[in-house]
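So you know, we letter chains A, B, ... as the sequences are listed, proteins then strands, and number each from 1.
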Protein chains: 2
Amino acid sequence: MQLPRKKAYHHGDLKTAILIAAEAELVAHGLESFSLRRVAKAIGVTPAAPSHHFGNTNGLLTELAALGFRRLLAEQKDRQDRVAHDALGQLVASGIGYIDFAVNNPNLFQLMFNWRNLNEDHETLVAHRQAAYDHLVSNVEATQPDAHQSARRALVDAMAAWVTVHGIASLLSSGKTNRLAELQKRSGTDRDSLFGELIVKAVGASHF
Amino acid sequence: MQLPRKKAYHHGDLKTAILIAAEAELVAHGLESFSLRRVAKAIGVTPAAPSHHFGNTNGLLTELAALGFRRLLAEQKDRQDRVAHDALGQLVASGIGYIDFAVNNPNLFQLMFNWRNLNEDHETLVAHRQAAYDHLVSNVEATQPDAHQSARRALVDAMAAWVTVHGIASLLSSGKTNRLAELQKRSGTDRDSLFGELIVKAVGASHF
DNA sequence: CTGTTAAACTAAACACTGTCAAGATAAGGC
DNA sequence: GCCTTATCTTGACAGTGTTTAGTTTAACAG
């Protein structure tokens, strides 16, 4: 791994340079106005250069989404590390991480969950997405008193948890004037506590 | 109101013709590849013609989103009319209507909730969106035993209900290979019953 | 019926966009 | 050293949204 020269014909590590520039383009202009030519120009390269590494624009966006899923899971685990180790606390921390990721990376979140042109054959995309999903399921299962006796309940609780967390994340990250955020403020409860409350409610605090 | 002539220079009712063609374009090519020129060509008119009625593409899409919110509310009410009149049953029916709308109109749903370029100054858009929101809140409040004594609970329940319904709708309508749908099938419960169960759980069946 | 005004739409052009085929350049293996 | 392969450029093409100026028609006043 060598430092890329200044004006070399070969960039050195163009692929990652493109990914970085592409994310900057994403936050700057949004997914709706994403321009491949602009990211090429930003790093001083020809519009056709990215095609060689990613095939086409969708390939680049797909790779970006895959990285997004990796970072999403990382943020969830990071949250969990800084919190009590009981099952319910872990689940809540994971959910808050999910929500924070969506709020802090709205365009990336939109790309990951609401973009219909992603290349579903992309291996690392499906792998990282699957990893994030598995992590959720295991977190929910850990809150179940007896997994064998209540398989259906584990299933339903997993859906409930996922659905509430994703609903919060989606609504909070999408709107500019945000009704859900207004409700949260009017509740008099800080964000993490309130959404934690909702998550706990979703998995049915009855067995505690 | 006269029937539009065949090849008249003036189309007669071009504005609604464009809206209809635009929705067809939306379902045919998706929001990501929406083309204004294609909708113009589909109704045999110049690419610049829509600009006169909608300003620009965003104007057209915004109007489409506004119609979407109107139809969303209509579908919810339609569901509620065909169901028992108790408060909880009404809330569930409304939520199922919301979900069904998202599943049956995925691109429109994406436009309404995940499109960042919508013109937020568009009056009918904000009006119809507000109407849909108010309807939700009133549905939740109707399930509260005493609105005055538990204002905060009404608030939290409204958030919980909205968030679960929207989460389900968003996840179900976005993916092609859909993990949530898989979970639903594995639960052995039909879709409406299962999601109704989740909604009831969200508003806290404790007061029943 | 006639003349005028305002609305609806066209024509042509512009600056973009993503993508492709062909060629130039450099790196790495032998 | 040469040769092969990966990397990037050049130049072009079709398609996109939008704008300006001009043409056609409807609506309306007399």
For residues 112-133 of chain B, the salt bridge (charged side-chain N to carboxylate O under 4.0 Å, His left out) pairs (sequence neighbours left out) are B:Glu120-B:Arg129

Atom CZ of A:Arg37 and atom P of C:dC20 are separated, to the nearest Å, by 13 Å

Atom CG of A:Leu61 and atom C1' of C:dT19 are separated, to the nearest Å, by 15 Å

To the nearest angstrom, the CG-C1' distance between B:Asp13 and C:dA8 comes to 13 Å

Numerically ordered, the residues 19-36 of chain A set in heavy-atom contact under 4.0 Å with DNA chain C is A:Phe34, A:Ser35, A:Leu36

TODO: Compute whether any side-chain donor of one residue and acceptor of the other, for A:His135 and A:Gln130, lie under 3.5 angstrom apart.
DONE: no

d(B:Ser173 OG, B:Phe109 CZ) to nearest 0.5 Å is 5.0 Å

Atom CG of B:Asn117 and atom P of D:dT16 are separated, to the nearest Å, by 18 Å

Per the under-4.0 Å heavy-atom filter, residues of residues 43-57 of chain A near DNA chain C come out as A:Pro47, A:Ala48, A:Asn56, A:Thr57

### Task
With the side chain counted from C-beta on, respond yes when A:Thr189 and B:Arg152 share a heavy-atom pair under 4.5 Å apart, and no when they do not.
yes

Rounded to whole Å, CG of B:Leu14 lies from C1' of C:dA8 at a distance of 9 Å

Taken in chain and number order and not counting sequence neighbours, the residues that satisfy salt bridge (charged side-chain N to carboxylate O under 4.0 Å, His left out) with B:Asp190 are none

Residue set satisfying salt bridge (charged side-chain N to carboxylate O under 4.0 Å, His left out) with B:Asp86, at least two apart, ordered chain then number -> none

Contacts satisfying salt bridge (charged side-chain N to carboxylate O under 4.0 Å, His left out) that involve residues 54-76 of chain A (not counting sequence neighbours) are A:Glu23-A:Arg71

* Asked: Is the A:Phe195-A:Tyr98 ring centre distance short of 6.0 angstrom?
  -> no

